[in-house]
Amino acid sequence: MKKTYYLFNPGRLSRKDNTLKFTPVDEDGKEGQPRYLPVENVNDLYVFGSLDANSALYNFLGKQSIAVHFFDYYEHYTGSFMPKDYLLAGKMQIAQTQYYLSAKKRMPLARSFVRGAALNMLKNLQYYNRREKDLNQTIGQIEALMLQIPEYNKIDQLMGLEGNIRQAYYQAFDTIINDFEMGTRTKQPPQNEVNTLISFGNMMCYTACLGQIYHTQLNPTISFLHEPGYRRYSLALDLAEIFKPLLVDRTIFSLLNKRQVKSSDFRHELNRCVLKDSARKEFVKAFEEKLSDTIQHRSLGRSVSYKHLIKLECYKLTKHLLGAEGYVPFKAWW
């Protein structure tokens, strides 16, 4: 089974016959012991340190359908090397574009993404509410906001409502999380430990969604809730809204409340809070475990991983665009 590999150390990546060779390089330019990654086992690469590679390597990765996602020093997602799309189909491209261009077709999909995200936020809140965290007020607030979703017929207004739902949800974090305070959501840059974990986790979720879209006929640049841009894969942002509460927020609650990540795992710099390598590796490990966790799928009648749930969501969206079956956003039932 193919795996995601994370390159935390600076180094050089090259092709060695039909194998990937990663050679770590320290600050003085001294090379460490090379590590070999059998290419048939690599699904994608996440690069957190500086990487030295040439076009021959990227040509090889492209032919092997291996994506590479890059993050800068402050853990910001900066971009991806995506292999040539191998499943794009003209019929799907046309259908996806038509849905984007028609407000009548686009708005129901955009509302579905907001509704799916809100339902999964509620699941998290209800879980902790049953565990003696008093979250009834926030649950009621989000439920009231959700009643307004059908009333919105413009994207910018719907995005505003989504922002209000998420703001109410984030206010509950201070009740759920022990020993840390989140306060106001801050992004650019994140100001404290919880905000830093949210920003980092959201980027991990975004790239996980992008990776699954790549293996479908969907075009990742044509979206329905977020506006398509010149550089970003905005459909991954749409899908990530649904899965962030399940993949990112639950990981954060677990890591902090179980003290697997502590205050000493963060570094405070001028006007920003940054993850140290120890916390970054711990989060990536927990996130990867979460993606691999399986649930018994009600419709399929078999166990599926969280990662596969994302691909199933892509298939549901595909069926909707082709007129085969109406799209209903994924909602956790456990």
Side-chain angles (χ1 to χ4, degrees), residues 1-4 39-40 42-46 58-69 77 79-117 155 204-244 246-247 291 297 299-300 302 304-331:
M1 184 176 178
K2 290 190 173 185
K3 295 170 54 180
T4 296
V39 73
E40 64 271 16
V42 181
N43 185 60
D44 50 10
L45 297 166
Y46 282 59
Y58 285 106
N59 284 332
F60 181 56
L61 294 175
K63 289 177 182 176
Q64 299 296 328
S65 299
I66 297 173
V68 187
H69 307 293
Y77 169 77
S80 297
F81 164 77
M82 297 297 291
K84 182 180 177 182
D85 295 311
Y86 68 103
L87 288 176
L88 277 186
K91 186 176 180 181
M92 176 56 62
Q93 180 99 356
I94 292 169
Q96 202 171 341
T97 305
Q98 287 175 334
Y99 266 82
Y100 169 73
L101 292 175
S102 168
K104 187 178 179 182
K105 292 183 173 181
R106 179 183 177 183
M107 284 307 299
L109 276 178
R111 291 192 202 100
S112 293
F113 288 123
V114 175
R115 185 179 298 107
I155 291 295
M204 295 293 293
C205 186
Y206 165 79
T207 49
C209 291
L210 177 59
Q212 295 306 304
I213 292 171
Y214 173 73
H215 295 294
T216 71
Q217 293 184 340
L218 293 168
N219 186 317
T221 64
I222 303 174
S223 53
F224 307 101
L225 176 60
H226 296 82
E227 289 294 347
Y230 289 102
R231 294 181 179 178
R232 63 180 180 177
Y233 301 104
S234 46
L235 186 60
L237 293 173
D238 285 359
L239 286 176
E241 292 294 340
I242 295 173
F243 290 98
K244 283 190 291 190
L246 304 176
L247 297 176
L291 283 174
H297 199 282
S299 303
L300 299 178
R302 61 181 173 84
V304 298
S305 67
Y306 278 80
K307 179 184 277 188
H308 192 63
L309 283 176
I310 300 174
K311 185 182 283 188
L312 291 177
E313 204 67 8
C314 296
Y315 291 154
K316 286 161 56 181
L317 187 57
T318 298
K319 289 181 180 178
H320 179 93
L321 296 173
L322 295 178
E325 189 176 310
Y327 175 69
V328 178
F330 175 77
K331 172 190 171 186

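- To the nearest 0.5 Å, atom CD of residue Gln96 and atom CG of residue Leu322 are 9.5 Å apart.
- The two atoms that bring Gln93 and Ile222 nearest to each other are NE2-CD1, 4.4 Å, heavy atoms only.
- Remark: of the listed residues Ile94, Leu218, Thr97, Leu218 is the sole one forming a side-chain contact (heavy atoms from CB on, under 4.5 Å) with Leu321.
- Scanning all heavy atoms of the two residues, the minimum distance from Ile155 to Leu225 falls at CG2-O, 3.4 Å.
- Note that NE2 of His215 and CG of Asn43 are 5.0 Å apart. Values are rounded to the nearest 0.5 Å.
- Across all non-hydrogen atoms, the minimal contact from Ile310 to Ala208 is CD1-CB, 4.3 Å.
- Tyr214 pairs by the ring pair (Phe, Tyr, Trp, His ring centres under 6.0 Å) definition with Tyr86, not counting sequence neighbours.
- Applying the salt bridge (charged side-chain N to carboxylate O under 4.0 Å, His left out) criterion to Glu227, with sequence neighbours excluded, gives Arg106.
- Note: Leu247 CG to Cys209 SG = 7.5 Å, rounded to the nearest 0.5 Å.
- Partners of Tyr315 under the ring pair (Phe, Tyr, Trp, His ring centres under 6.0 Å) rule, at least two apart in sequence or in another chain, do not exist in this structure.
- With sequence neighbours left out, the side-chain contact (heavy atoms from CB on, under 4.5 Å) criterion links Val328 to no other residue.
- A 4.5 Å side-chain heavy-atom check between Leu61 and Phe81 finds at least one atom pair inside the cut-off.
- Checked against ring pair (Phe, Tyr, Trp, His ring centres under 6.0 Å), Tyr77 has the following partners two or more places apart in sequence or in another chain: Phe71, Tyr206.
- Side-chain contact between Phe243 and Phe330: present, with at least one pair of heavy atoms (C-beta onward) separated by less than 4.5 Å.
- His69 approaches Leu210 most closely through the heavy-atom pair CE1-CD2, 4.2 Å.
- Side-chain atoms of Ile213 and Cys314, non-hydrogen and from C-beta on, do get closer than 4.5 Å to each other.
- Applying the side chain to side chain donor-acceptor pair (under 3.5 Å) test to Ser112 and every residue at least two apart in sequence or in another chain returns nothing.
- Without hydrogens or angle criteria, Asp238 side chain to His226 main chain gives a donor-acceptor distance under 3.5 Å.
- Side-chain atoms of Gln64 do not come within 3.5 Å of backbone N or O of Val39 as any donor-acceptor pair.
- Residue Gly116 comes nearest to Pro329 through the heavy atom pair CA-CB, 3.7 Å, listed as atom of the first residue, atom of the second, then distance.
- Taking Phe60 as the reference, nothing meets the ring pair (Phe, Tyr, Trp, His ring centres under 6.0 Å) condition, with sequence neighbours excluded.
- Rounding to the nearest 0.5 Å places CG of Leu235 at 13.0 Å from OH of Tyr100.
- With contacts defined as side-chain heavy-atom distances shorter than 4.5 Å, the pair Phe224/Lys105 does not qualify.
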Kindly determine whether Leu317 and Phe113 satisfy side chain to side chain contact (heavy atoms under 4.5 Å, CB included), including the steps that lead there.
-> CA-CA 11 Å; Leu317 187 57; Phe113 288 123; 4.3 Å; yes
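- Under the side chain to side chain donor-acceptor pair (under 3.5 Å) criterion, Tyr99 pairs with no residue at all, not counting sequence neighbours.
- Partners of Lys244 according to the salt bridge (charged side-chain N to carboxylate O under 4.0 Å, His left out) rule, which considers only residues two or more places apart in sequence or in another chain, are Glu241.
- By the 4.5 Å heavy-atom criterion applied to side chains, Asn219 and Met92 are not counted as neighbours.
- Legend: residues meeting side chain to side chain donor-acceptor pair (under 3.5 Å) with Arg111, ordered by chain and number and at least two apart, are Asn153.
- Residue Lys2 qualifies as enclosed at atom NZ: its count of foreign heavy atoms under 6.0 Å is above 12.
- Remark: Lys316 engages Glu313 in a salt bridge (charged side-chain N to carboxylate O under 4.0 Å, His left out) (not counting sequence neighbours).
- Of all non-hydrogen atoms in His297 and Leu300, the two that sit nearest each other are ND1-N, 3.2 Å.
- Residues satisfying the side chain to side chain donor-acceptor pair (under 3.5 Å) test with Ser305, not counting sequence neighbours, are none.
- Going from atom CG of Leu246 over to atom CG of Leu291 covers 11.0 Å, rounded to the nearest 0.5 Å.
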